[in-house]
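Below is one structure, written out as structure tokens; comments come after it.
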Amino acid sequence: MITSFFNNLINSGSAFACIKFPEEKNIYLIIQDQKGSNYYSFTSFDSSKKYVFPFSQFNKISDFEWEKLTFSLSTKKNTQTINESNYLRILDKTLYFLQEKNADKIVISREKWVDNSNINPIQSFLFLCKKYPNSFCHLSFWNSEEVWLGATPEILGSWSNSTFKTMALAGTLPDKDSFVWENKEMEEQKYVTDYIYNKLQYYSSSISVKGPETLHLGHVKHLITYFSIPLNAPQLLSKLIHSLHPTPAVCGLPLEVSRNFIINEEKYNRDFYAGYIGIETSSSKNYFVNLRCGKLYTNGALLFVGGGITAESNPLQEWKETELKAKFITECL
Ligand SMILES: C=C(O[C@@H]1C=C(C(=O)O)C=C[C@H]1O)C(=O)O
């Protein structure tokens, strides 16, 4: 293994990321460069933390011998995360809160630690790229304690050629043929669709909507509705992104009630999970919700998984759903 390439970057204090856009084959390496005019960023779920680095170009990964490359991670000391029975307790409490009609939907999540002393970040990233062609895949190195890996299917917003696109992605079932969508999932996804539609109305009177359709991802499938509006003024874009985040796909409805419930009950810091990742150039801007992700260490990975709860949810099913969502990352380690 060649460790010097990345370790030299790391020693020089540079951040970098390996990325693959949805529906694209090319894998790119982007490296922090203060002279660059493009930006790569992470915004936390609560929007209080933002990491960003400028970069000058997208380096095609096939130009290097990536298979042979690796870099060093740090060791995580406290690896304790919530167990099944305590998570079920939070879900019960959420269900009660929803049944009392305090909110329509709340997205509850947790951390999951996976022991693994053999992690090769680049190999895992390449695996994700092959397995999830429709997702945005990334390996994002901010510093040795914050190395994120993920394959997210969810676009918060993308802008190019005067068009803004987004999606309502919600409702989850195991990706097996025998499962059909029921009212519960349809309703859960419709909350997100209606919410996004209302937000877009401030920006355009011509909103095109397609869906809901089924998005198959292997372990799970989701309901997805696509939106597109004309948006000529790029300066409106950051306002629009701020107004969309967080959607009820990762927070809940009503927004503030859900946010407060999450802060009080989850009792861990979501950090960049369910926040968003930005890739901004002069001609296009893309923002992806940071899902199906985790942080990598020499001794394992800290994963983040969650799911939307409504008054009809079944806690055990919801626990199983988070286990399925964890497979996206555990399988590639
Ligand atoms: C919260 C997650 O996923 C979100 C929640 C979903 C749901 O509740 O059905 C589906 C897709 C995502 O919008 C996650 O993957 O951790």
Side-chain angles (χ1 to χ4, degrees), residues 42-50 80-113 148 150 152 154 156 168-172 184-185 187-196 198-199 220 222 241-277 287-295 302-326:
F42 266 33
T43 303
S44 63
F45 169 72
D46 66 7
S47 299
S48 69
K49 180 174 167 190
K50 183 166 178 173
Q80 184 120 34
T81 54
I82 191 166
N83 62 20
E84 180 177 345
S85 61
N86 286 336
Y87 193 65
L88 289 175
R89 222 165 280 149
I90 298 180
L91 294 176
D92 280 338
K93 202 165 171 187
T94 312
L95 214 54
Y96 179 75
F97 190 77
L98 294 162
Q99 284 163 355
E100 291 288 298
K101 307 229 180 307
N102 293 302
D104 297 315
K105 171 183 175 175
I106 301 179
V107 179
I108 297 294
S109 68
R110 65 184 170 103
E111 295 171 310
K112 177 185 168 81
W113 173 259
W148 286 78
T152 176
E154 188 161 340
L156 179 64
L169 185 83
T172 306
K184 178 201 165 282
E185 289 90 27
E187 188 187 64
E188 186 184 334
Q189 197 259 353
K190 192 157 187 309
Y191 287 138
V192 186
T193 302
D194 293 348
Y195 182 89
I196 292 178
N198 285 335
K199 293 282 177 196
V220 296
H222 299 302
I241 289 296
H242 284 120
S243 83
L244 284 176
H245 174 75
T247 71
V250 293
C251 187
L253 203 75
L255 185 71
E256 284 314 319
V257 178
S258 310
R259 210 198 311 253
N260 289 333
F261 189 90
I262 289 168
I263 292 167
N264 291 330
E265 302 303 332
E266 281 187 348
K267 297 202 172 66
Y268 86 96
N269 182 4
R270 284 191 179 193
D271 197 14
F272 288 125
Y273 161 70
Y276 57 95
I277 303 172
Y287 307 89
F288 301 97
V289 185
N290 193 13
L291 299 175
R292 317 294 144 82
C293 60
K295 288 198 265 187
L302 185 67
L303 313 185
F304 299 83
V305 283
I309 313 298
T310 64
E312 278 91 66
S313 294
N314 169 310
L316 193 58
Q317 285 308 117
E318 297 296 334
W319 163 265
K320 286 185 184 154
E321 180 177 317
T322 56
E323 286 290 288
L324 274 181
K325 285 172 173 168

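For clarity, every value in this text was computed on a predicted model and none was experimentally measured.
Between S243 and Y195, the shortest heavy-atom contact is O-OH, 4.2 Å. Nearest heavy-atom pair across D104 and L98 is C-CD2, 3.6 Å. Of all heavy-atom pairs between V220 and R292, the closest is CG2-NH1, 4.0 Å. The two residues K112 and T81 have their closest heavy-atom pair at CA-OG1, 4.1 Å. When all heavy atoms are compared, the tightest approach of H245 to G275 is CE1-CA, 3.8 Å. Contact between E111 and L302 at its shortest, heavy atoms only, is OE2-CD2, 3.4 Å.
Using a 4.5 Å heavy-atom cutoff, the side chains of C251 and V107 are not in contact. Annotation: side chain of T172 is not in contact with side chain of Q317 (no heavy-atom distance under 4.5 Å). N314 has its side chain out of reach of E318: every pair of non-hydrogen atoms, C-beta onward, lies at least 4.5 Å apart. Side-chain atoms of F261 and N102, non-hydrogen and from C-beta on, never get closer than 4.5 Å to each other. Considering only heavy atoms from C-beta on, D46 stays 4.5 Å or farther from R270 through its side chain.
S313 contributes no side-chain N or O that, together with a main-chain N or O of P315, makes up a donor-acceptor pair within less than 3.5 Å. A donor-acceptor pair under 3.5 Å is absent between the side-chain atoms of T247 and the main chain of L244, judged by distance alone. Q189 places a side-chain N or O within donor-acceptor distance of the main-chain N or O of A168, the cut-off being under 3.5 Å. The backbone N or O of G171 lies less than 3.5 Å from a partner atom in the side chain of H222, making a donor-acceptor pair. Judged by distance alone, with hydrogens and angles left aside, the side-chain atoms of N264 form a donor-acceptor pair with the main-chain N or O of N260 at under 3.5 Å. The closest donor-acceptor contact from the side chain of N290 to the backbone of I277 lies at 3.5 Å or more, if one exists at all. Using modelled atom types, no side-chain atom of T43 and backbone atom of K50 make a donor-acceptor pair closer than 3.5 Å.
Salt-bridge annotation for R259 and E256: present, with a side-chain N of the basic residue lying under 4.0 Å from a carboxylate O of the acidic one. No salt bridge links E187 with K105; every basic N to acidic carboxylate O contact stays at or beyond 4.0 Å. A salt bridge links K49 with D271: the closest approach of a Lys/Arg side-chain nitrogen to an acidic carboxylate oxygen falls below 4.0 angstrom. Salt-bridge annotation for E266 and K93: absent, with no side-chain N of the basic residue lying under 4.0 Å from a carboxylate O of the acidic one. With respect to E323 and R110, a salt bridge is recorded, a charged nitrogen being found less than 4.0 Å from a carboxylate O.
Considering NZ of K320 and NZ of K325, their distance stands at 15.0 Å, rounded to 0.5 Å. Here the straight-line distance linking atom NZ of K267 with atom CD1 of I262 works out to 13.0 Å at 0.5 Å rounding. How far CG of L156 is from CG of L169: 12.0 Å, rounded to the nearest 0.5 Å. Considering CG of N86 and CG of L91, their distance stands at 11.0 Å, rounded to 0.5 Å. To the nearest 0.5 angstrom, I309 atom CD1 is 7.5 Å from E321 atom CD. With rounding to the nearest 0.5 Å, the separation of OH in Y87 from CH2 in W319 is 8.0 Å.
Defined by atom type and a distance below 3.5 Å, a donor-acceptor pair is present between the side-chain atoms of S109 and Y268.
Ring centroids of F45 and Y273 are separated by 6.0 Å or more, keeping the two rings apart.
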For F288 and Y276, run ring pair (Phe, Tyr, Trp, His ring centres under 6.0 Å): C-alpha distance rounded to whole Å, both residues' side-chain angles, the deciding distance at 0.1 Å, then the answer. CA-CA 5 Å; F288 301 97; Y276 57 95; over 10 Å; no
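Taking the six-membered ring where the residue is Trp, F304 and W148 present parallel rings, their angle staying beneath 30° rather than reaching 60°.
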